[in-house]
Amino acid sequence: MKFIPSVLLLLFAATFLCIWLLDRRNRHLLLFALAFLTISAATVVQFALWPADVGYNTIACAVLYSAAPLFLVQGVLMRSGKSMARAEQALWFGGIVAILTFFYYVHNDLAVRVYALNFGMGGILLSGAWKLRHLVLGNVVDRGTLWLLLGLGATFVGRTLLTGGTVPSRDVDAFFQSAFWVWAQFAMSVLGVAMGLALVVVACADVILALKAERDSDAMTGLLNRRGLQGKTQRLFAKGVGKPLSIVACDIDRFKSINDSFGHAGGDVVLSSLARVIKSKLRAGDIAARTGGEEFVIVLKDAPVDDAFGLVETLRREIANVRFAGMPGDFAVTCSFGIAKLHAGEGLWDAIGRADKVLYAAKRAGRNRTFAEGLQLPHAA
């Protein structure tokens with residue numbers, strides 16, 4: 001019966017390994033598997049008292065128990081595009097192992113070893129939560145991951161503070177009868193399973209969100225597609241009631257001649273390069289999408305038409321100065337832009353239709369221009 005927690009933890013390790021094998025790009029899942037594998041191995045080593053020598057057993061437990069939260073934290077950080085520095089990992093790992101070794105071979109004190117190990121594991125988890133504190137502003141899955149890590153770390157610290165006083169200084173047999181050990185086993189069973197299930201849910205949610213992002217994105221440029229634009233703007237409109245929004249229609253000038261001269265591969269280079277420029281100029285909350293072959297739509301948040309005009313002019317000049325890999329040195333691309341204000345109660349595509357009419361006026365005026373509805377300020381390069 002005492003090995004049931006070990007088996008459950010091992011099953012979660014196998015689960016994450018299988019999920020990782022299905023898509024090896026998600027390397028954080030492999031780290032989750034290693035975290036559950038090492039914590040399962042640690043419980044077996046401790047419960048079975050193998051190796052039987054208490055000193056060797058202490059070191060083996062220290063290695064495995066300190067490695068598990070490091071794998072877990074590194075996996076959670078990797079999922080969010082972050083990492084724990086190797087020097088910091090080595091400091092946590094080496095510090096825990098060194099303290100436990102010292103307080104067995106130099107000054108034998110079981111209670112100090114218990115405090116050091118549990119505070120160390122809790123500290124690793126809490127330091128990971130601190131590094132991910134920005135996720136408090138993320139989506140539901142991100143916030144849930146942060147609170148899981150924070151709660152698990154706090155549990156190690158809180159449980160040790162409440163029950164650590166029942167740990168004897170040297171009597172190992174009495175340790176296995178202490179209130180600390182009883183609660184540690186309970187926490188290992190309940191929290192281990194809860195954490196495993198929660199991370200499985202996170203992994204499944206990540207897959208669903210990735211599929212949704214793929215569905216709503218344009219594969220060529222990485223911008224939103226028409227469906228993604230519709231969904232993203234609906235949420236923006238709901239949050240920004242009463243705030244000015246400008247709709248920008250953009251079209252690459254003479255794009256057909258680019259395809260005719262350099263082939264579709266050349267056209268693809270132009271599209272992906274311009275998308276990168278557009279994304280680099282977006283402000284927080286702005287939205288950009290590719291809605292057709294060479295057509296783009298930009299939604300500028302909190303921007304009346306005159307402010308939008310200045311922002312788009314900067315973008316137009318930036319595009320005109322882009323140089324493209326594999327193209328002749330004198331090759332340049334220009335774009336024409338039309339700007340319209342989103343009226344209260346108006347649908348997105350109605351506003352885009354008005355922006356398109358302004359765009360076509362810019363093209364008729366000679367291309368490489370920004371025209372804005374209500375502003376007679378045509379500019380050319």
Side-chain angles (χ1 to χ4, degrees), residues 134 137-139 213 216-218 221-253 271 273-292 294-322 333-381:
H134 66 282
L137 300 176
N139 59 36
D216 293 346
S217 298
D218 173 60
T221 63
L223 299 176
L224 295 173
N225 56 24
R226 293 175 70 92
R227 179 181 184 133
L229 175 65
Q230 181 71 40
K232 198 77 176 285
T233 51
Q234 283 180 346
R235 292 190 291 273
L236 178 62
F237 294 170
K239 292 180 181 178
V241 176
K243 297 181 179 179
L245 289 171
S246 289
I247 309 299
V248 181
C250 168
D251 191 89
I252 300 175
D253 295 329
L271 288 169
S273 298
L274 292 190
R276 284 194 295 272
V277 176
I278 291 172
K279 283 188 282 189
S280 72
K281 295 300 179 183
L282 293 181
R283 307 162 305 157
D286 292 342
I287 299 170
R290 180 187 176 202
T291 56
E294 69 274 21
E295 300 165 358
F296 301 86
V297 168
I298 304 170
V299 180
L300 296 175
K301 179 183 177 184
D302 301 338
V305 169
D306 52 349
D307 290 348
F309 185 89
L311 294 169
V312 173
E313 270 294 281
T314 300
L315 174 61
R316 182 186 65 81
R317 289 191 291 267
E318 183 84 13
I319 290 172
N321 291 323
V322 171
V333 171
T334 62
C335 292
S336 299
F337 295 87
I339 307 172
K341 175 185 177 182
L342 179 73
H343 298 310
E346 184 180 27
L348 170 66
W349 298 104
D350 292 331
I352 291 175
R354 288 190 292 107
D356 275 334
K357 291 180 181 178
V358 179
L359 165 66
Y360 293 136
K363 282 186 170 290
R364 287 193 298 270
R367 298 184 175 85
N368 191 23
R369 284 167 165 77
T370 302
F371 275 23
E373 190 178 57
L375 294 179
Q376 301 301 316
L377 297 169
H379 280 242

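All values below come from the heavy atoms of this structure, side chains included, with hydrogens, waters and symmetry mates left out.
Between F371 and V312 there is no side-chain heavy-atom pair separated by less than 4.5 Å. Residues K341 and L245 are not in side-chain contact: their nearest non-hydrogen atoms beyond the backbone lie 4.5 Å or more apart. Counting heavy atoms from C-beta outward, I252 and L271 have side chains that approach closer than 4.5 Å.
Of the inter-residue distances, the one linking K243 atom NZ with L342 atom CG reads 14.5 Å to the nearest 0.5 angstrom. The structure places CG of L348 at 5.0 Å from CG of L229, a figure rounded to the nearest 0.5 Å. Atom CG of N368 and atom CZ of R317 lie 10.5 Å apart (nearest 0.5 Å). Here the straight-line distance linking atom CZ of F337 with atom CD1 of I298 works out to 6.0 Å at 0.5 Å rounding. In this structure, CZ on R290 lies 13.0 Å from CG on L224, to the nearest 0.5 angstrom. Distance check, rounded to the nearest 0.5 Å: CG of L311 to NZ of K281 gives 10.5 Å.
When the salt bridge (charged side-chain N to carboxylate O under 4.0 Å, His left out) test is applied to E294, no partner is found at least two apart in sequence or on another chain. E295 is linked by a salt bridge (charged side-chain N to carboxylate O under 4.0 Å, His left out) to nothing, counting only residues two or more places apart in sequence or in another chain.
Nearest heavy-atom pair, V305 versus A340, reported as atom, atom and distance to 0.1 Å: CG2-C, 4.4 Å. Between R369 and R367, the shortest heavy-atom contact is NH1-O, 2.9 Å. A303 and S246 make their closest contact through O-OG, 2.6 Å (heavy atoms, listed as atom of the first residue, atom of the second, distance). In plain terms, the two heavy atoms of A288 and L282 that are nearest each other are CB-CD1, 3.7 Å. Closest heavy-atom contact between A289 and L223: CA-CB, 4.1 Å.
Proximity of a side-chain donor or acceptor of R283 to a complementary backbone N or O of L300 within less than 3.5 Å is not detected. R316 contributes no side-chain N or O that, together with a main-chain N or O of T314, makes up a donor-acceptor pair within less than 3.5 Å.
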### V322/V333 under side chain to side chain contact (heavy atoms under 4.5 Å, CB included): CA gap, chis, key distance, verdict
CA-CA 7 Å; V322 171; V333 171; over 6 Å; no

Using a 3.5 Å cut-off and no angle test, enumerate the donor-acceptor pairs between side-chain atoms of residues 357-366 and protein atoms at least two apart in sequence or in another chain.
from: K363; atom 1: NZ; to: D251; atom 2: OD2; distance (Å): 3.0
from: K363; atom 1: NZ; to: D253; atom 2: OD1; distance (Å): 2.9

